[in-house]
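Along the sequence shown, residues are numbered consecutively beginning with 1.
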Amino acid sequence: MQNRLTLLCTLMFLSIAIQVSAEEPAHIGSRRELFVDDWMIHSLKNARQELHHPAPQEVAITYDGPAEGNISYYVRILKDGQKYRMYYRGAHHDWSKKITTHQVVCYAESDDAIHWKKPNLGLFEFNGSKENNVVWMGLGKHNFSPFLDTNPKCKPEEKFKALGSGNKGLVAFASPDGIHWKLMQDKPVITKGAFDSQNLAFWDAHRGQYVDFHRGFTNKVRAIMTCTSDDFLNWTDPKFIDIKNSPAQHLYTNATIAYPRAPHLFLAFPKRFVPSRAAAWHPDPKNNHRGVSDGVLMTSRDGTTWKRWDEAFLRPGQNRERWWQRNNHIAWGITTTPSPLPGHVPELSLYAIENYYVGPCRLRRFTLRMDGFVSINAPYTGGEMTTRLITFDGSNVDPAKPGPPVELELNLATSAAGSIQCELLDEKGKPIPGFSLADCKEIYGDELAHVVSWKGKSDLTKLVGKPVRVRFLLKDADLYSLRFRND
């Protein structure tokens, strides 16, 4: 009996071991992979995922126009061809009367996402004049949130769409030009949730559907709900997103995007609200408007299950105006702008509100390197990271006509004394001949698209479709992203 029990336990152990070792390779094709979650990581040794932070730049725009005010908010920035468009709530709070005097939807535009102008549109009368930049004054004006619809089936007269709160839910809008708007229907398209926030939706080209992210409450804590649609008018039943391994905290907005350089990844930038705290210099003498805020980073691959970085992505910093209630709202939308450094290396621009409630309310630009949200970082003493088992694509060309080579491209930065090396491993974890560490010279520098070579050779075409791992040795270095490019 004892021998049979021992044999059974041994067989069970072997079965489990076989299941663990039989890892199915994940196919990444030629897409770019960032390290904003654990998905690509098999192991880390003396290395870690390091969260990076955007650097403050100039004030992009001050909301001091005739229809604007000290609580101008819920900013949306999008690119339309060569033009950048900005939408935001123009509103003002009268401290003496303790009322909000007005709410309208305002508009600005830019050729470079750095310098903004407010066109005189002459569409709506405000305080007896049409000399303003107002694009909407009706239902949904509190949190009107537009997007450029890239659905191939989108009608030309509905090139732009938006959601805004009203009629006990979210109502849908459409526009042919982003300036002239109309309701798509009076009936709200989404009714489950709480909508006093920047509720948003957009066409998700990677998944072929519209996705929505809006406010809800769980146990009196501000949270995020999501649903999907095929036509923008009929939506699935909203459900709360699942933020794994993070404490319940007020997420006031969400600013979710499909990251343009890796559209299979959702990135979100919620404004985290801490209602129990207040700055000592808050302008409300009775402290009725308590609360401080910062910006956090979240990421997801399906829109439902999310990783949240609990450390702040955007801190209020030393600017005391950013410590007042409801500041540090990160605008919905990221742009690409040239760096002022020689060479004009492209970088990401994000935007965040400051001086809210006090005024004049402003939007400041912040910059971050391309893919620079999170890196694999190792100290000078050295560390390593090994990826999960993956397969990648070759170039889709006629076999009789050789196409572009397949190459491993890295976004990386090292110190002058630091370095990165990498090797390719097979399914058993053995170095693939010709692609070992011994064949790879130390890489050093700061590049967005470094092509790895082994003894001068970079073409990986012969490994297309074969399961591999990539093992990196890092020394005082950061690795931000990788892709097997074939274009």
Approximate separation, where rounding is to 0.5 Å, of W306 CH2 and N245 CG: 16.0 Å
Answer yes or no: is there an ion pair linking K475 with E442, defined by an N-O contact shorter than 4.0 Å? no
Tell me whether the count of non-hydrogen atoms from other residues, nucleotides or ligands lying under 6.0 Å of NE2 in H206 goes above 12. yes
Working to the nearest 0.5 Å, report the span between CH2 of W203 and NZ of K161. 9.5 Å
What class does the angle between the rings of F484 and F392 fall in, given that below 30° is parallel, 30 to 60° is tilted and above 60° is perpendicular? parallel
How long is the gap from SG on C422 to CG on L437, to the nearest 0.5 Å? 8.0 Å
May I ask you to check whether R369 and N411 show a side-chain donor-acceptor distance below 3.5 Å? yes
Is a salt bridge present between R308 and D310, judged by a nitrogen-to-oxygen distance below 4.0 Å? yes
Hey, could you give me the OG/CG distance between S145 and L163, rounded to the nearest 0.5 Å? 7.5 Å
Between T256 and N254, do the side chains contain an N or O donor and an N or O acceptor separated by less than 3.5 Å? yes
Side-chain donor-acceptor pair under 3.5 Å between S197 and N199, yes or no? no
Could you pull out all residues at least two apart from Y73 that satisfy ring-ring contact (aromatic ring centres under 6.0 Å, His included)? H329, Y356
One pair to check against side chain to side chain contact (heavy atoms under 4.5 Å, CB included): L363 and I77. What are the steps and the verdict? CA-CA 11 Å; L363 188 74; I77 294 175; 4.2 Å; yes
Just to verify, what does Q198 make a side chain to side chain donor-acceptor pair (under 3.5 Å) with, not counting sequence neighbours? none
Mind checking the CG-CD1 spacing from L460 to I432? Nearest 0.5 Å is all I need. 9.0 Å
Distance-only, no hydrogens or angles: does the T299 side chain make a donor-acceptor pair with backbone N or O of F266 under 3.5 Å? yes
Between K307 and D37, is the closest basic N to carboxylate O distance under 4.0 Å? no
Parallel under 30°, tilted from 30 to 60°, perpendicular over 60°: which one fits the rings of Y88 and Y63? tilted
How are the rings of H214 and F195 set relative to one another: parallel (under 30°), tilted (30 to 60°) or perpendicular (over 60°)? tilted
Any side-chain heavy atom of M298 sitting closer than 4.5 Å to one from I241? yes
So, F147 versus F232, ring centres under 6.0 angstrom or not? yes
Would T391 and H27 count as having a side-chain donor-acceptor pair, cut-off 3.5 Å? yes
Would N328 and Y252 count as having a side-chain donor-acceptor pair, cut-off 3.5 Å? no
Lys/Arg-Asp/Glu bridge criterion (N-O < 4.0 Å) met for D230, K153: no
Please report whether the ring centroid of F373 lies less than 6.0 Å from that of W309. no
Look at the side chain of Y357 and the backbone N and O of N327, then say whether any donor-acceptor pair between them is shorter than 3.5 Å. no
Can you tell me how far CD of E407 sits from OG of S30, rounded to the nearest 0.5 angstrom? 13.0 Å
Would you say the ring centroid of Y87 lies under 6.0 angstrom from that of W136? no
Hydrogens and angles aside, do T386 and R469 bring a side-chain donor and acceptor to less than 3.5 Å of each other? no
Ring pair (Phe, Tyr, Trp, His ring centres under 6.0 Å) partners of residues 407-447, not counting sequence neighbours, each pair once: F435-W454
By the definition salt bridge (charged side-chain N to carboxylate O under 4.0 Å, His left out), identify the one residue from R272, R326, R277, R315 that meets it with D294. R272
